[in-house]
Asker: 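I'd like to ask some things about the structure below.
Numbers restart at 1 for each chain; the letters A, B, ... are given by sequence-line order, proteins then strands.
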There are 2 protein chains.
Amino acid sequence: MTSSTTQREYTIKEAATLTGLPASTLRYYESIGVIAPVSRGASSGHRVYDEGDLDQLMWVACLAATGMSVSDMRAYVANGALGPEAARGQVELLSAQARRLAEEAEQIVLRRRYVQIKIDYWHAVESGDGERADLLSGQARALADELRGAAKR
Amino acid sequence: MTSSTTQREYTIKEAATLTGLPASTLRYYESIGVIAPVSRGASSGHRVYDEGDLDQLMWVACLAATGMSVSDMRAYVANGALGPEAARGQVELLSAQARRLAEEAEQIVLRRRYVQIKIDYWHAVESGDGERADLLSGQARALADELRGAAKR
DNA sequence: CTAGGAACTTCAAGTGCTTTAAGTCAAAGC
DNA sequence: GCTTTGACTTAAAGCACTTGAAGTTCCTAG
């Protein structure tokens, strides 16, 4: 499969960013057996992730994002459904993940807008501009509806 | 202000539906002081939400949706009761939230790129295009390198 | 070569809900 | 009148992380 010659290695921080799971969660998953123990640097004892670990973690990240419980994920992994040879389902799962990320990105745009409006609102209040405050209050309300509606999808 | 016409009252279930927060969360928020204690039915002891409670809950629901911590929400609601004098504090809380959201947005951009590369990679493998697969493998590593160099938050 | 700081390590405690257990109350059916 | 149904109550436990403390180790610069 991976016909690449150079097996790149990753720190926990890099693995965290690429999978979207915080480093603390990576350690946690390893500690409770959701993923296999990761090899360590000879002198440092620091975790060293290879491409295979990354692939496995992407899988787990996808499963976690669908709301699968930790014990279910552990069972899934234990059943060997998650080896590097499980390539068939990879694309579907990754595509689902891509969709989720797109939605999440959209959500964050809305949230940032909402927070910005509230900041503007308090600035208006601070400077005694009641008219502008009312206007922004209304905008916040409208956005809140949109936020809620989008979240429920 | 409050016209004594029809001050509608709501059960916890209705409040939950209207705010989008589960009833258990409403009780939880009340128990830890994020919202003021809700009045109770005389005989039943059940919570009875009025319009004011609902308004407050709507704001809290929006803040929660932006990922604001419970203690920040508590501070925010407490400030809100103080009026215009608290504007500076509100802006600080919201600005911190805006920064968190900006960081999150950045992370998601990276994750989306990584997932897309992975998808393309598996498509290439599937169609036997080893050359393209190698290229994409290299891109994934390049992304990690970029992460290493520009990990300046 | 050595000093400083960032990044890593483990372990324990904290957070933010969510679920469960056990019980109360109000209306509907027998 | 009694009982069952169902929504509500609290307190406590559970879950999936998350954060903090205290102690290495790596890297960069002087």
Side-chain angles (χ1 to χ4, degrees), chain A residues 9-35 37-50 53 57 60-77 104 151, chain B residues 9-35 37-50 53 57 60-77 93 96-97 100 103-104 107 144-145 147-153:
Chain A
E9 296 187 328
Y10 303 84
T11 67
I12 194 169
K13 192 119 209 202
E14 292 169 328
T17 308
L18 293 173
T19 59
L21 298 169
S24 57
T25 301
L26 263 41
R27 281 189 284 261
Y28 170 66
Y29 279 177
E30 189 180 342
S31 76
I32 62 171
V34 165
I35 58 168
V38 176
S39 61
R40 302 305 185 96
S43 58
S44 67
H46 293 183
R47 286 171 181 80
V48 175
Y49 295 82
D50 62 24
D53 292 329
L57 276 175
V60 170
C62 291
L63 297 178
T66 65
M68 183 178 280
S69 77
V70 164
S71 57
D72 280 359
M73 287 193 284
R74 186 166 31 202
Y76 213 89
V77 175
E104 210 175 319
Chain B
E9 298 187 327
Y10 305 84
T11 67
I12 194 171
K13 196 97 203 202
E14 289 170 326
T17 311
L18 291 172
T19 59
L21 297 169
S24 58
T25 302
L26 262 42
R27 280 190 285 263
Y28 170 66
Y29 280 175
E30 187 181 344
S31 76
I32 62 171
V34 165
I35 58 167
V38 176
S39 61
R40 303 305 185 96
S43 57
S44 67
H46 293 185
R47 285 170 181 80
V48 176
Y49 294 81
D50 61 25
D53 293 328
L57 276 175
V60 169
C62 290
L63 296 177
T66 69
M68 185 177 277
S69 77
V70 163
S71 59
D72 279 0
M73 287 194 284
R74 187 164 30 199
Y76 186 89
V77 170
L93 283 173
Q97 186 61 24
R100 275 190 290 273
E103 268 169 44
E104 210 176 318
Q107 291 289 307
D145 289 338
L147 206 59
R148 196 112 196 83
K152 37 100 197 220
R153 196 176 46 139

Asker: Decide side chain to side chain contact (heavy atoms under 4.5 Å, CB included) for A:Tyr76 and A:Val60; before the verdict, give the C-alpha distance in whole Å, the side-chain angles of both, and the deciding distance to 0.1 Å.
Answerer: CA-CA 9 Å; A:Tyr76 213 89; A:Val60 170; over 6 Å; no

Asker: Taking only N and O in the side chain of A:Ser44, is any of them less than 4.0 Å away from OP1 or OP2 of D:dT24?
Answerer: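 A:Ser44 to D:dT24 OP1/OP2: no side-chain N or O under 4.0 Å.
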
Asker: Return the value, rounded to whole Å, for the distance between atom CZ of A:Arg47 and atom C1' of D:dC26.
Answerer: 16 Å

Asker: Can you measure A:Ile35 atom CD1 to D:dA16 atom P for me and round it to whole angstrom units?
Answerer: 16 Å

Asker: Whole Å only: how far is the CZ atom of A:Arg74 from the P atom of D:dC15?
Answerer: 10 Å

Asker: For D:dC26, does OP1 or OP2 lie under 4.0 Å from any side-chain N or O of A:Ser43?
Answerer: yes

Asker: Is a side-chain donor or acceptor of B:Arg74 paired with a backbone partner of B:Gly33 at a separation under 3.5 angstrom?
Answerer: no

Asker: Between B:Gly45 and B:Val70, which residue's closest nucleotide on DNA chain C lies nearer the 5′ terminus?
Answerer: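 Result: B:Val70.
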
Asker: Side chains of B:Asp53 and B:Ile35: closer than 4.5 Å at any heavy-atom pair?
Answerer: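 No. Closest side-chain heavy atoms not under 4.5 Å.
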
Asker: What's the CD-C1' distance between A:Glu9 and D:dC26, to the nearest Å?
Answerer: 15 Å

Asker: Which heavy atom in B:Ile12 sits nearest to a heavy atom in B:Ala23, and how many Å separate them?
Answerer: CD1-O, 3.7 Å

Asker: Between C:dT9, D:dT9, C:dC17, spot the one nearest the side chain of A:Arg40, thanks.
Answerer: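 From the listed options, C:dT9 comes nearest.
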
Asker: Give me the atom names and distance for the closest heavy-atom approach of A:Val77 to A:Val34.
Answerer: CG2-O, 3.2 Å

Asker: Hey, which sits more toward the 5' end of DNA chain D by its nearest nucleotide, B:Glu14 or A:Met68?
Answerer: B:Glu14

Asker: Contact class for B:Ile12 (heavy atom, under 4.0 Å): base, sugar-phosphate, or nothing?
Answerer: sugar-phosphate

Asker: Please report the distance, rounded to the nearest Å, between CD in A:Glu30 and P in C:dT10.
Answerer: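 Computing the A:Glu30:CD to C:dT10:P distance gives 8 Å.
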
Asker: In whole angstroms, how far is the C1' atom of D:dC17 from the CE atom of A:Met73?
Answerer: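 Atom CE in A:Met73 sits about 11 Å away from atom C1' in D:dC17.
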
Asker: When the distance from CG of A:Leu26 to P of C:dC8 is rounded to whole Å, what number comes out?
Answerer: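 From A:Leu26 CG to C:dC8 P: 11 Å.
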
Asker: Write down the protein N/O and nucleotide N/O pairs, taken from nucleotides 18-23 of chain C, whose separation is under 3.5 Å; answer none if there are no such pairs.
Answerer:
residue	atom	partner	partner atom	Å
C:dT18	OP2	B:Thr25	OG1	2.8

Asker: To the nearest Å, how far apart are A:Tyr10 OH and D:dC26 C1'?
Answerer: 20 Å

Asker: Would you mind classifying the nucleic acid contact of A:Ser69 as base, sugar-phosphate or nothing, using non-hydrogen atoms under 4.0 angstrom?
Answerer: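 Sugar-phosphate only.
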
Asker: Is there side-chain contact between A:Thr11 and A:His46, with at least one heavy-atom pair below 4.5 Å?
Answerer: no

Asker: Which pair of heavy atoms, one from A:Tyr49 and one from A:Leu26, lies closest together, and at what distance?
Answerer: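 Reported closest heavy-atom pair: OH-CB, 3.8 Å.
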
Asker: Does a nitrogen or oxygen in the side chain of A:Tyr29 sit under 4.0 Å from OP1 or OP2 of D:dC17?
Answerer: yes

